[in-house]
Structure formats: C-alpha cells, structure tokens
Amino acid sequence: MSPHEGQEQVSPTFIPRHVAIIMDGNGRWAKQRGLPRTDGHLRGQDALRATLRAAAEFGVEYLTVYAFSTENWGRPKEEVDALMELLVSAIHSETPDLMKEGVRIRAIGDLERLPEKARRSLMDCIEETKHNKQITLILALSYSSRDELTRAVRGIVSDVQRGVLRPEDIDEDVLSRHLDTASFPDPDLLIRTGGEERISNYLLWQVAYAELFFSSVYWPDFGKEALREALDAYASRERRFGKTSEQIQLED
Ligand code: IPE
Ligand code: IPE
Ligand code: MG
C-alpha cells in the first residue's frame, strides 16, 4: 500500500483535536484558469465540503475556517456581495448533509456586520445543527483577531463597571472567556493554503502554541489528501510548550 492510502497512515494518537484553516488562493486558482474570482470561491465550497468530511473521518473534533475577514470588507463591492450570496446559498444547499453527517455549525466574528439575510441563514443553521456531535465546523465570518480582542476588552471593562468583575481578577482565563472562541479548545494545528506564509489577523491569541503548516495548494484544490499531508506533518512534530524535550518524553 502506498504511504498515502488507508487511514492508518495518520496515527490516531496524534490527531489534532482542533484544526484551524486559512482558506486562501481562490482568486489565483480562478485567474490561472481565466475565470472570474467568484468561480474560485464557488469551487472553494467544494473543497470545504471535502475537507470537512475528511477531518471528521480522521477524528478531528473542531475545524475552524477563515471564510471572510474584517479586512475583506474592503474588497470590491461585487466580490463582497457575491461572497455573501454564496454564504446564503451554501448554507441552504449544505444543511441537509450537515444534519446527516452530524456537523454542528458555529460562527465567530462580528456577525452584526453581515447582511440581514446572511445572518439569519447562519443563525438558523446554527440552531438546526446545535445537537450534532460528529464534528464542529466554526465559520470565521467578518472576523479578525484584533477586532475580537477589542470586543473582548470592551466586554471585560463593562463587567468591571457593572461590579461583576474585579480588575485584580482579570487573568488569561477571563480574557479567553470573553473571546468569540470561549467555548472551544485552542487550535492544535493551523494550516494556511495558497502559498502565503502569514497569519492575516487570524486567531492570534488562540494559536499561541499551535503547530503551523503552510501549503502551496490553492484552496479549491485542497481536500482529503492535502489534509492528510498536514496531519502527517503534525504527527511528526514534538510540542514542547516551553519545556525541554526530555521533560516531554517523561510525560508520555
Ligand atoms: C480566500 O481566497 C478567500 C477569501 C479571502 C474570501 P482569496 O480570494 O484571498 O484568493 P487569492 O489570495 O486572491 O488567490
Ligand atoms: C485571509 O486571506 C482571509 C481569508 C482566507 C478569509 P486574505 O487573502 O484576505 O489575506 P491576505 O490579504 O493575503 O493577507
Ligand atoms: Mg488571499
């Protein structure tokens, strides 16, 4: 059997519980083919479906995907509108399969900025899928880490002003609990597709100790095999969390 056949290639002991992905390269994928950028986004939906299925099959519990950043609001209006429409149509067409496959949908980001129709579709989908248990797909929409942290600080200050929190009790846990990601574990593995090696304002606090994996594959070409490659790389890393290699080996 070739090294890329069969699920046993990825050792279950080393499966990351939470994988975060920066789904990048849709525009370049389309441009390479002489297609409009929005065709790249449309094909990106297929890649997400395939990647989500594979992640669930490999035993990943949480998948957080960067679907639209705060900064992406600054793109040409036609592209922003097309992405918002794609969000609505994707939720509509995918929800029956999400139900069948046990996918729970959640979202992070400043959802108030989404057009009303997109926000409502998203909220309905979150409600409908809330008891699903196979995997949680977290959509980062109108999301940036600095915006999330700024909103968290506002929440903390308001708790202090209402007298429910003392300034001396503010610690890392308090801050974590005020983030959009409060109910999720931190990502173990962060994947960026599309060849760029930067974080682009994504989960800055949460990826403090995540392993990073950069792939040159454009997002529409990503799927099960590309994910397996990232998980294999992850399995070969030693996460030390500031300790020495010897300490880590004693813990195992
Ligand atoms: C990622 O692909 C999708 C979004 C940011 C919405 P891009 O649209 O950034 O594709 P490139 O980077 O221009 O190729
Ligand atoms: C990051 O990709 C945001 C998403 C994938 C949604 P961008 O394409 O917006 O990031 P930059 O501009 O290359 O940093
Ligand atoms: Mg990009």
Side-chain angles (χ1 to χ4, degrees), residues 18-52 55 62-91 93-94 105-115 117-119 121-122 125 137-151 179-181 184 187 189-207 210 212-223 226-227 230:
H18 185 171
V19 176
I21 306 186
I22 300 174
M23 309 185 290
D24 197 23
N26 294 353
R28 281 163 287 163
W29 181 94
K31 194 172 174 192
Q32 228 177 28
R33 288 162 178 76
L35 299 168
R37 293 178 58 85
T38 46
D39 282 24
H41 298 314
L42 196 58
R43 289 296 291 268
Q45 187 186 332
D46 299 334
L48 178 54
R49 192 187 308 112
T51 304
L52 172 65
Y62 297 88
L63 183 68
T64 302
V65 295
Y66 211 176
F68 191 86
S69 73
T70 305
E71 290 74 22
N72 290 152
W73 287 116
R75 290 196 179 188
K77 186 179 182 309
E78 308 76 65
E79 183 168 345
V80 172
D81 290 349
L83 281 164
M84 293 301 141
E85 274 164 35
L86 182 62
L87 175 64
V88 175
S89 70
I91 289 173
S93 63
E94 304 289 341
I105 297 292
R106 297 291 298 271
I108 56 172
D110 185 1
L111 307 179
E112 299 296 319
R113 283 188 78 176
L114 295 178
K117 199 170 159 199
R119 214 174 58 85
S121 303
L122 179 66
C125 180
L137 175 67
I138 303 155
L139 303 171
L141 285 164
S142 186
Y143 176 88
S144 85
S145 209
R146 288 182 174 186
D147 177 64
E148 177 191 39
L149 283 160
T150 306
R151 286 185 285 109
L179 296 173
D180 299 344
T181 51
F184 315 124
L189 170 65
L190 170 65
I191 300 171
R192 182 175 186 137
T193 66
E196 314 293 351
E197 300 190 355
R198 55 176 171 254
I199 306 288
S200 301
N201 217 348
Y202 191 42
L203 302 172
L204 299 177
W205 172 275
Q206 298 87 340
V207 299
L212 309 183
F213 184 86
F214 298 102
S215 165
S216 56
V217 170
Y218 291 147
W219 175 250
D221 290 329
F222 202 85
L227 178 66

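Atoms within a ligand are numbered from 1 in the order they appear, just like the ligands themselves.
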* Asked: What do you reckon, is CZ of Arg33 surrounded by more than 12 foreign heavy atoms closer than 6.0 Å?
  -> yes

* **Over 12 non-hydrogen atoms of neighbours within 6.0 angstrom of CZ in Arg37** => yes

* Asked: What's the count of protein N, O or S atoms under 2.8 Å from the Mg ion (ligand 3)?
  -> 1

* Would you mind telling me which of Leu203, Thr64, Val19 makes a side-chain contact (heavy atoms from CB on, under 4.5 Å) with Pro187? => Leu203

* Asked: When you look for heavy atoms under 4.0 Å from ligand 1, do you find them on the side chain of Lys31, its backbone, both, or neither?
  -> neither

Any chance the side chains of [X] and [Y] put a donor and an acceptor closer than 3.5 Å?
X: Gln206; Y: His18; value: no
X: Thr70; Y: Arg113; value: no
X: Ser69; Y: Asn72; value: yes

Any [X] heavy atom less than 4.0 Å to ligand 2:
X: Glu196; answer: no
X: Arg75; answer: yes
X: Arg192; answer: yes

* To do: Decide whether an N or O pair under 3.5 Å exists between Arg198 and ligand 2.
  => yes

* N/O separation below 3.5 Å, Ser200 to ligand 2 -> yes

Contact between [X] and ligand 1, counting heavy atoms under 4.0 Å?
X: Arg37; answer: yes
X: Gly194; answer: no
X: Ala67; answer: yes

Answer whether the closest heavy-atom distance between the side chains of [X] and [Y] falls below 4.5 Å.
X: Ile22; Y: Ile191; answer: no
X: Glu196; Y: Phe214; answer: no
X: Gln45; Y: Leu86; answer: yes
X: Val65; Y: Ile138; answer: no
X: Ile21; Y: Phe213; answer: no
X: Tyr218; Y: Thr193; answer: no

* Sub-4.0 Å atoms of ligand 2 with respect to non-hydrogen atoms of Phe68 -> 6 (C)

* Asked: Are any non-hydrogen protein atoms located under 4.0 Å from atom 9 (O) of ligand 2?
  -> yes

Which bit of [X] is near ligand 2, meaning a heavy atom under 4.0 Å away: side chain, backbone, both or neither?
X: Tyr202; value: neither
X: Arg28; value: neither
X: Glu71; value: neither

* Describe, in one word, how the ring planes of Tyr202 and Tyr143 are oriented to each other, choosing from parallel (under 30°), tilted (30 to 60°) and perpendicular (over 60°). => perpendicular

* To do: Flag Trp29 as yes when one of its N or O atoms lies below 3.5 Å from any N or O atom of ligand 1, and as no otherwise.
  => no

* Asked: Between Leu83 and ligand 1, is there a nitrogen or oxygen pair with a distance under 3.5 Å?
  -> no

* **Spacing of OH belonging to Tyr66 relative to CD1 belonging to Ile108, to within rounding of 0.5 Å** => 8.5 Å

* By salt bridge (Lys or Arg N to Asp or Glu O under 4.0 Å), which residues pair with Glu71, not counting sequence neighbours? -> none

* Identity and distance of the protein heavy atom lying nearest atom 1 (C) of ligand 1 -> Met23 O, 3.0 Å

* Protein heavy atom at shortest distance from atom 7 (P) of ligand 1 -> Asp24 OD1, 3.6 Å

